[in-house]
Amino acid sequence: DVCSSDLTIWEHRTVTVAFEGGDWRVNFGDGDALTGLQSVLDYYGSRGWELVTVQPQTWTAGAGQFGPWEVNRLLAIFKRVAPNSPTAPR
């Protein structure tokens, strides 16, 4: 028997990661940026965000009409336990 007080409440964050200047980047609204996919994962992971999935958002055909495909924008989806969740660390 699962009680609603036992359920975890999640918060989610979507992050656009673009391939710019030869590397993956996240550009923040204040002008700061993270460069390198590992830096992006470490930044969000250190703040309690767990990567759920990564989806390609834009891509272009490489050498041939049918590929290979070159992805130049990703959507990363993260989750973490919400502060108001009954399962949140106290």
Task: Under the side-chain hydrogen bond (donor to acceptor under 3.5 Å, both in side chains) test, residues paired with Q57 that sit two or more places apart - done: none
Task: From CA spacing to verdict: side-chain contact (heavy atoms from CB on, under 4.5 Å), F28, L34 - done: CA-CA 8 Å; F28 296 104; L34 290 171; 3.8 Å; yes
TODO: Please report the shortest heavy-atom distance between L74 and P56, naming the atom on each side.
DONE: CD2-CA, 3.9 Å
Task: Flag, side chain of R13 to backbone of R80, donor-acceptor distance under 3.5 Å - done: no
Open item on the list: Quick one, V81 with W10, criterion side-chain contact (heavy atoms from CB on, under 4.5 Å). Give me CA distance, side-chain angles, the key distance, then yes/no.
Closed with: CA-CA 5 Å; V81 176; W10 300 99; 3.7 Å; yes
- [ ] Check side-chain contact (heavy atoms from CB on, under 4.5 Å) between T14 and all other residues, then give those that pass, not counting sequence neighbours.
- [x] L75, I77
TODO: Heavy atoms only: give me the nearest A88-P83 pair and the separation to one decimal.
DONE: CB-O, 3.8 Å
TODO: May I have all residue pairs that pass side-chain hydrogen bond (donor to acceptor under 3.5 Å, both in side chains) and include part of residues 30-43, sequence neighbours excluded?
DONE: R25-T35, Q38-D42
Task: Side-chain heavy atoms of L51 within contact of Y44, under 4.5 Å - done: no
Open item on the list: As an exercise, state the distance from CD1 of I9 to OG1 of T87, rounded to the nearest 0.5 Å.
Closed with: 7.5 Å
Task: Test item: S85 and E11 side chains (from C-beta on) under 4.5 Å apart, heavy atoms - done: no
Open item on the list: Could you measure the distance from the CZ atom of F78 to the NE2 atom of H12? Nearest 0.5 Å is fine.
Closed with: 12.5 Å
